Amino acid sequence: MVHINSNFQKLPGSYLFSEVARRVSVYAGAHPNSNIIRLGIGDVTRPLPDAVTAAMHQAVDEMGTAEGFHGYGPEQGYDFLRTAIALHDYQERGITIDPSEIFVSDGAKSDCGNIGDIFGPENIVAVCDPVYSVYLDTNVMAGRAGDYDPRTGKWSRIIYMPCTAENDFTPAIPREKADLIYLCFPSNPTGAAATAEQLREWVDYANANGAVILYDSAYEAFITTPGIPHSIFEIEGARTCAIEFRSFSKTAGFTGTRCAYTVIPKELERDGASLNALWNRRQCTKFNGVPYVVQRGAEAVYTPEGRRQVEANLAYYRGNAQVIREGLLAAGLTVSGGVDSPYIWAKTPGGLGSWKFFDLLLDQARVVTTPGAGFGPSGEGYIRLTAFGERGATREAVQRIRSVL
Ligand code: PLP
């Protein structure tokens with residue numbers, strides 16, 4: 001008789017976004033034609049840059065010829081893309097990353113979720129609270145999380161690092177010893193960015209304790225404040241303790257196209273094994289590479305036209321972030337994020353619970369947000385709004401929220 005991985009049964013039933021979708025659908029059913037505006041889920045709305053679609057068209061044409069056809073590609077990604085990433089995302093920022101340290105993939109979500117394959121079940125995991133739920137849920141599936149306590153909303157073997165207004169939404173180093181430390185800056189969901197000094201503390205901690213930092217930098221393209229690191233590898237010592245995840249999703253509109261990458265330096269070893277070699281082994285066994293056409297599209301992001309077009313899209317989303325941030329501040333809410341990030345993190349008024357405020361905004365403003373409590377216990381009392389919407393709808397949503405408040 002087959003036994004399932006019973007860890008899956010430990011996962012709480014309703015995933016955040018399905019519960020949001022359920023409530024929105026109940027509301028829409030009861031109020032047809034109510035013109036609901038969605039500032040909840042973090043998906044982009046701007047089309048792919050022309051430079052990207054032109055490169056993809058050309059790659060499709062190549063694939064239709066005997067000379068240009070590509071079958072299985074290298075599991076780690078084509079050299080043309082790994083070299084472009086090493087040059088433009090790292091070397092141009094003064095960071096040395098060899099193309100062989102870059103693994104192209106179909107998403108930072110897959111990589112953040114799959115990276116646990118190369119680590120033992122006994123490792124103690126530390127996550128920010130609130131957090132991008134993939135880090136937690138995949139460790140639950142792998143049996144690293146212990147048991148869930150519905151009263152506290154916490155897993156017994158996970159170290160939670162509260163990110164609150166008191167610490168500017170950047171976590172302090174925990175007192176307990178952590179092995180695998182997930183950090184995400186700029187943060188989903190709080191929109192906070194970490195300074196070089198803050199990251200240096202983490203790198204020093206990880207090197208001193210043999211820990212590994214899993215650094216999710218999916219939103220680095222939104223950083224505007226000078227001096228804020230775009231990569232953990234800007235910090236001295238990170239090459240011996242950190243893995244970095246990056247994505248073309250939010251940078252260049254690839255949420256539906258799928259392309260991302262993970263950087264594992266050659267110096268990073270634990271238990272005498274190279275983590276770069278382990279990940280390579282994992283990828284070669286379980287992954288057959290990103291489509292050639294998609295990788296050509298990603299390469300075009302780094303051309304002069306591609307960069308200009310990507311920058312224009314980012315400027316559009318930054319403009320939305322400013323509209324939301326300033327509108328909510330004017331409405332009297334306490335707001336953070338939205339400067340180096342597409343996420344705006346707003347405190348609920350009058351001590352309202354996250355879901356209560358979510359329901360109020362849905363019911364009275366017909367605006368969908370994301371309840372902060374869905375990202376972890378420390379998210380209670382907050383909502384998250386995203387700047388990825390269409391400008392007119394974003395303005396309208398903020399206007400409606402202001403009139404409700
Ligand atoms: N990491 C964070 C923090 C995210 O918020 C998201 C998507 O929302 C991802 C990773 C997923 O990125 P990708 O589209 O590359 O899978």
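One-based numbering along the sequence shown. Just so you know, ligand 1 is whichever comes first in the structure, and atom 1 is the first atom listed for that ligand. The analysis underlying the following values was restricted to heavy atoms, covering all of them including side chains, and did not include hydrogens, waters or symmetry mates. Treat the numbers as computed from the prediction; the structure is a model and nothing was measured.
- By the 4.5 Å heavy-atom criterion applied to side chains, F254 and V294 are counted as neighbours.
- Listed here is the closest heavy atom pair of L183 and P171: CD2-CG, 4.3 Å.
- Using a 4.0 angstrom heavy-atom cutoff, C112 does not count as in contact with ligand 1.
- For ligand 1, one of its N or O atoms has an N or O atom of R258 under 3.5 Å away.
- Looking at L81 and C259, their side chains come closer than 4.5 Å, going by heavy atoms from C-beta outward.
- The shortest contact between atom 11 (C) of ligand 1 and any protein heavy atom is with Y132 OH, 3.4 Å.
- For atom 15 (O) of ligand 1, the nearest non-hydrogen atom from the set G113, S110, S247, G256 comes from S247.
- Below 30°, between 30° and 60°, or above 60°: for H31 and Y27 the angle between ring planes is below 30°, a parallel geometry.
- Among all protein heavy atoms, the one lying closest to atom 8 (O) of ligand 1 is K250 NZ, 2.8 Å.
- Using a 4.0 Å cut-off between charged side-chain N and carboxylate O, E311 and R308 make no salt bridge.
- Protein heavy atom closest to atom 3 (C) of ligand 1, with residue, atom name and distance, is D216 OD2, 3.2 Å.
- Heavy atoms of Y135 found under 4.0 angstrom from ligand 1 belong exclusively to the side chain.
- Remark: minimum distance from atom 14 (O) of ligand 1 to any protein heavy atom is reached at S249 OG, 2.5 Å.
- Heavy atoms from other residues, nucleotides or ligands lying under 6.0 Å from NZ of K266 number more than 12.
- Nearest protein heavy-atom neighbour of atom 4 (C) of ligand 1: Y219 OH, 3.3 Å.
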